[in-house]
Protein chains: 2
Amino acid sequence: MHTFRIGTLASRAALNPPTIRYYEEVGLLRKARRMGSGQRVYDNTDVERLTFIKRCREFGFSIEQVKQLVALTADPSSACMDARTLAAEQLEQVRVQLGELRALEQSLEELVGSFDSRCAGGPGPDCVILGDLARS
Amino acid sequence: MHTFRIGTLASRAALNPPTIRYYEEVGLLRKARRMGSGQRVYDNTDVERLTFIKRCREFGFSIEQVKQLVALTADPSSACMDARTLAAEQLEQVRVQLGELRALEQSLEELVGSFDSRCAGGPGPDCVILGDLARS
DNA sequence: CTTGACCCTCAAGTTACTTGAAGGTTTACG
DNA sequence: CGTAAACCTTCAAGTAACTTGAGGGTCAAG
């Protein structure tokens with residue numbers, strides 16, 4: 001089986017080498033085998049593992065949640081429904097964030113709009129809006 | 001003019017005292033006057049200042065951006081258009097984040113959906129989906 | 001055999017705070 | 001007036017999830 005070092009793994013999984021070392025350090029990835037010189041050695045199964053982790057991170061799971069998912073995959077008996085639960089919880093969080101961000105978008109639109117309409121004459125000495133922001 | 005201590009300021013601006021000290025430390029808030037005993041003293045103008053800062057943070061501006069906005073309010077000559085620019089940039093960032101989050105929402109919906117349809121029979125020993133996540 | 005790309009570890013920086021320890025101050029009550 | 005609760009102080013460390021940098025070893029090609 002053919003092996004490679006951390007840089008290759010990094011480019012295959014589209015992560016930086018320090019990130020991979022970090023994942024190993026926090027226990028998300030198990031300790032890599034080492035060459036005599038101390039350099040880490042990986043193979044294709046590690047690409048899969050890391051791809052799984054990266055996918056999960058892109059889904060917005062925290063490191064701790066990904067650890068749980070990794071543990072679930074090691075114990076397939078009840079893995080499926082537990083993973084579904086995690087995913088559903090994550091989806092719920094994302095929707096809350098979406099709601100907040102949409103509200104923020106609207107407020108910012110209004111803010112920009114009020115600059116446009118009320119300060120349109122150019123840089124006046126007394127910007128009403130900056131003053132407004134300070135009042136309760 | 002009546003004055004008060006940090007706890008009162010904190011509750012009026014809806015922030016925690018350590019946060020206010022932190023803002024002072026990083027130069028977002030100027031150094032507070034002190035009583036003989038060393039305790040910080042504030043008045044109503046500080047409530048306004050802090051409210052302004054909190055508003056801006058809620059708009060998603062970073063501490064550095066808020067510093068710029070605070071500086072702008074001190075120099076009202078060109079404040080208005082510069083502030084508009086900052087707000088517009090912030091709006092742009094928010095829209096990018098919104099796009100990413102929407103894509104994430106959809107992916108998670110699909111993920112949850114596939115757990116429902118393909119693992120519906122209960123916790124099977126071989127969850128196809130967890131396997132799928134690992135493949136490139 | 002040397003040069004450049006790659007690897008190692010350890011420490012510190014990032015953002016925007018929060019939490020905790022150890023101790024001084026103020027205020028309210030009896 | 002005493003004392004206990006509530007509040008204040010500073011400084012240090014913790015949080016998430018890495019990134020960046022220093023200082024130094026290793027590997028592959030020409």
Side-chain angles (χ1 to χ4, degrees), chain A residues 2-29 31-43 46 50 52-70 89-90 93-94 97 100-101 104, chain B residues 2-29 31-43 46 50-70 90 93-94 97 100-101 104:
Chain A
H2 103 119
T3 63
F4 37 82
R5 288 177 297 162
I6 201 169
T8 308
L9 176 61
S11 65
R12 301 242 177 118
L15 288 170
N16 301 322
T19 303
I20 296 173
R21 291 187 200 106
Y22 170 74
Y23 283 167
E24 180 180 312
E25 191 190 323
V26 299
L28 182 49
L29 219 52
K31 300 199 175 180
R33 281 190 297 135
R34 303 294 186 114
M35 313 192 321
S37 62
Q39 307 201 350
R40 290 172 179 81
V41 183
Y42 300 96
D43 61 34
D46 294 304
L50 205 51
F52 175 81
I53 289 168
K54 199 200 167 200
R55 274 298 132 81
C56 293
R57 295 283 305 124
E58 285 169 355
F59 276 126
F61 291 97
S62 71
I63 298 265
E64 282 310 309
Q65 287 175 320
V66 179
K67 271 190 200 171
Q68 289 180 49
L69 282 167
V70 168
E89 284 171 9
Q90 185 57 26
Q93 283 178 40
V94 166
Q97 282 181 49
E100 286 168 7
L101 215 50
L104 180 57
Chain B
H2 105 120
T3 62
F4 36 83
R5 289 178 296 162
I6 202 170
T8 307
L9 175 61
S11 65
R12 300 243 176 118
L15 288 170
N16 301 321
T19 304
I20 297 174
R21 291 187 201 106
Y22 170 75
Y23 284 168
E24 180 180 311
E25 190 191 324
V26 299
L28 182 50
L29 220 52
K31 300 200 176 180
R33 281 190 298 135
R34 303 294 185 114
M35 313 192 322
S37 62
Q39 306 202 349
R40 291 172 179 82
V41 182
Y42 301 96
D43 61 35
D46 294 303
L50 205 51
T51 303
F52 175 81
I53 290 168
K54 200 200 167 200
R55 276 295 134 81
C56 293
R57 294 283 304 124
E58 285 169 356
F59 276 125
F61 291 98
S62 71
I63 297 267
E64 281 311 309
Q65 287 175 318
V66 179
K67 272 190 200 170
Q68 289 181 49
L69 282 168
V70 169
Q90 184 57 25
Q93 282 179 39
V94 165
Q97 282 181 48
E100 287 168 6
L101 215 51
L104 180 57

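By convention in this document, chain letters (A, B, ...) are assigned in the order of the sequence lines, proteins followed by strands, and residues within each chain are numbered from 1.
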What pairs of nitrogen or oxygen atoms, one from the protein and one from nucleotides 20-27 of chain C, lie under 3.5 Å apart?
from   : atom 1 : to    : atom 2 : distance (Å)
C:dT26 : OP1    : B:S37 : OG     : 2.8

Nucleotide [N], atom [atom2] - distance to [atom1] of [X] in whole Å:
X: B:R33; N: D:dT9; atom1: CZ; atom2: C1'; value: 18 Å
X: A:R57; N: D:dA16; atom1: CZ; atom2: P; value: 11 Å
X: B:I53; N: C:dA16; atom1: CD1; atom2: P; value: 13 Å
X: B:E24; N: D:dT9; atom1: CD; atom2: P; value: 9 Å
X: A:Y22; N: D:dT15; atom1: OH; atom2: C1'; value: 10 Å
X: B:K54; N: C:dC17; atom1: NZ; atom2: C1'; value: 15 Å
X: A:R34; N: C:dC6; atom1: CZ; atom2: C1'; value: 15 Å
X: A:E25; N: C:dC8; atom1: CD; atom2: P; value: 13 Å

So if I take every side-chain heavy atom of B:I6 and compare against C:dC8, D:dT10, D:dC8, which nucleotide ends up nearest?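 Closest nucleotide to the B:I6 side chain: D:dC8.
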Proximal nucleotide (of D:dA17, D:dT9, C:dC8) relative to the A:I63 side chain: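 The closest nucleotide is D:dA17.
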Cation-pi, B:F61 ring and B:R55 (6.0 angstrom, 45 degrees):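 Checked: cation-pi criterion not met.
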Measure from NZ or CZ of B:R33 to the centre of the six-membered ring of B:Y42, then state whether that distance is under 6.0 Å and the direction lies within 45° of the axis.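 No.
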Nearest-0.5 Å distance, [atom1] of residue [X] to [atom2] of residue [Y]:
X: A:T8; Y: A:D46; atom1: OG1; atom2: CG; result: 12.0 Å
X: B:L9; Y: B:R5; atom1: CG; atom2: CZ; result: 12.5 Å
X: B:T3; Y: B:D43; atom1: OG1; atom2: CG; result: 7.5 Å
X: A:I53; Y: A:T19; atom1: CD1; atom2: OG1; result: 12.0 Å
X: A:L29; Y: A:Y22; atom1: CG; atom2: OH; result: 12.5 Å
X: B:C56; Y: B:K67; atom1: SG; atom2: NZ; result: 14.0 Å

Exercise: identify the closest heavy-atom pair between B:L50 and B:A13: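 So the minimum-distance heavy-atom pair works out to CD2-CB, 3.7 Å.
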Where is the tightest heavy-atom contact between A:G7 and A:P17, given as atom of each residue plus distance?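 So the two residues come closest at CA-CG, 4.4 Å.
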Using 4.0 Å as the upper bound for N to carboxylate O, is an ion pair formed by B:E24 and B:R21?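 Judged by the 4.0 Å cut-off on N to carboxylate O distance, B:R21 and B:E24 do not form a salt bridge.
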If an axis is fit to five pairs at each end of the helix from C:dC1-D:dG30 to C:dG30-D:dC1, what is the angle between the two, to the nearest 10°?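 Comparing the first five pairs with the last five, the axes sit 10° apart.
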How is A:Y23 classified with respect to the nucleic acid when contacts are heavy atoms under 4.0 Å: base, sugar-phosphate, or nothing?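 Counting heavy atoms under 4.0 Å across all strands, the contact made by A:Y23 is with sugar-phosphate only.
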Give, ordered by number, those residues of residues 13-21 of chain B having at least one heavy-atom distance below 4.0 Å to an atom of DNA chain C; if nothing qualifies, reply none.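 Listed by number, they are B:N16, B:P18, B:T19.
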Phosphate contact (C:dC7 OP1 or OP2) by A:R40 side-chain N/O below 4.0 Å: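 Answer is no, no contact under 4.0 Å.
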Just so I know, are the side chains of B:F52 and B:V70 near enough to count as touching, which here means a heavy-atom distance under 4.5 Å?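 Yes; the side chains approach each other to less than 4.5 Å.
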